[in-house]
Amino acid sequence: DSALTFWREYTWMNYAQADTSLKAINKAFSARVDTFSTIPLRVKPVKALFSVPNLIPNPDTALMAPPIIYSPITMETEDEVSEPFAYDLLQNYPNPFNPATTIEFYLTERAKTSLRVYNTLGQEVTVLLDNVDLETGTQTFDFDASSLTSGVYFYQLVMEQIPANDDVALYPVTVMKKMLLMK
């Protein structure tokens, strides 16, 4: 904080090392947060604050001395990076559409998946997937809206990562996008 604010006075500062430290701190606390579901938002701590070596209090802070490094900071290789459960819900195409469109998404891990379409009142119009176990990769689904009226619709993707072995089950991830039917 001080090094970034008063950067002209910090001639000893190694900004590449600071960047590496910040990335290590961010990675230590990275986890999924459920922000869109029917259960209340619950944020559980990922780690204890001072269990992260880069966050151990520096007794020399008052003296404005260079920080004490308690553990070596090393760059991680591609093999060491563990990616969190990730997904990518793409915009439907074509959009606007008449009468059919394609919905596509990508999973990095196996997941129980639901794909539903809603109208602007929040009423479920159709279910394309209902808690189906899908493998990693790109998934593509066609949606035929020939029985629906023109208007705005929403498609919602709910994914729940399938835990491997004795891993803790995580909260489902829910994403929603808008599409336009024009007849």
Side-chain angles (χ1 to χ4, degrees), residues 4 19-47 52 75-183:
L4 295 175
D19 180 60
T20 304
S21 295
L22 290 173
K23 285 180 181 174
I25 292 167
N26 285 339
K27 183 178 178 189
F29 293 105
S30 66
R32 292 185 18 218
V33 176
D34 178 23
T35 59
F36 190 82
S37 70
T38 57
I39 59 174
L41 175 63
R42 294 182 184 158
V43 180
K44 295 182 181 178
V46 177
K47 287 187 176 184
V52 179
M75 294 300 291
E76 55 192 21
T77 64
E78 290 294 323
D79 297 338
E80 296 171 351
V81 177
S82 72
E83 289 292 321
F85 175 70
Y87 59 88
D88 191 13
L89 176 62
L90 305 173
Q91 185 64 48
N92 66 302
Y93 60 89
N95 190 31
F97 66 98
N98 179 23
T101 188
T102 301
I103 299 172
E104 189 173 349
F105 59 92
Y106 178 79
L107 300 173
T108 58
E109 295 181 28
R110 283 181 54 212
K112 288 184 183 178
T113 309
S114 297
L115 181 61
R116 293 181 165 83
V117 178
Y118 297 92
N119 62 18
T120 54
L121 298 175
Q123 299 165 329
E124 188 176 281
V125 173
T126 189
V127 177
L128 299 172
L129 291 172
D130 189 20
N131 210 24
V132 176
D133 184 3
L134 293 178
E135 295 295 327
T136 62
T138 302
Q139 310 293 332
T140 305
F141 294 91
D142 293 324
F143 171 54
D144 182 13
S146 55
S147 64
L148 301 175
T149 60
S150 295
V152 175
Y153 293 89
F154 299 92
Y155 55 103
Q156 179 188 52
L157 180 65
V158 179
M159 301 154 290
E160 185 173 352
Q161 182 179 3
I162 299 172
N165 302 333
D166 296 330
D167 290 347
V168 177
L170 301 172
Y171 288 113
V173 174
T174 305
V175 287
M176 187 176 273
K177 291 207 175 191
K178 180 171 56 171
M179 59 185 166
L180 179 62
L181 171 60
M182 291 181 64
K183 289 189 173 183

Backbone of [Y] reached by a side-chain donor or acceptor of [X] within 3.5 Å:
X: Asn92; Y: Asn95; result: no
X: Thr113; Y: Ala111; result: yes
X: Ser114; Y: Val158; result: no

Would you name the heavy atoms of [X] and [Y] that are closest together and state the gap between them?
X: Asn119; Y: Phe154; value: O-CD1, 4.0 Å
X: Tyr155; Y: Leu90; value: OH-O, 2.8 Å
X: Ala145; Y: Phe97; value: CB-CE1, 3.7 Å
X: Met159; Y: Val175; value: CE-CG2, 4.3 Å
X: Ala100; Y: Pro94; value: O-CD, 4.2 Å

Q. Passes side chain to side chain contact (heavy atoms under 4.5 Å, CB included), Phe141 versus Leu129? Steps please.
A. CA-CA 9 Å; Phe141 294 91; Leu129 291 172; 3.5 Å; yes
Q) How would you list all residue pairs meeting salt bridge (charged side-chain N to carboxylate O under 4.0 Å, His left out) that involve residues 122-132, not counting sequence neighbours? A)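 Salt bridge (charged side-chain N to carboxylate O under 4.0 Å, His left out) check on residues 122-132 returns Arg116-Glu124, Arg116-Asp130.
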Q: Please collect all salt bridge (charged side-chain N to carboxylate O under 4.0 Å, His left out) contacts where either partner lies in residues 91-107, sequence neighbours excluded, each pair once.
A: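 Not a single pair qualifies under salt bridge (charged side-chain N to carboxylate O under 4.0 Å, His left out).
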(Q) Looking only at the side chains, is there a donor atom on one of Gln156 and Tyr118 sitting less than 3.5 Å from an acceptor on the other? (A)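 The criterion, which ignores hydrogens and geometry beyond distance, is satisfied for Tyr118 and Gln156.
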**Q.** Any donor-acceptor N or O pair under 3.5 Å, side chains Asp142, Thr102
**A.** yes
Just distance, no hydrogens or angles: give the donor-acceptor pairs under 3.5 Å from side chains in residues 176-183, sequence neighbours left out.
unit_1	atom_1	unit_2	atom_2	d
Lys177	NZ	Leu89	O	3.0
Lys183	NZ	Ser146	O	2.7
Lys183	NZ	Leu148	O	2.5

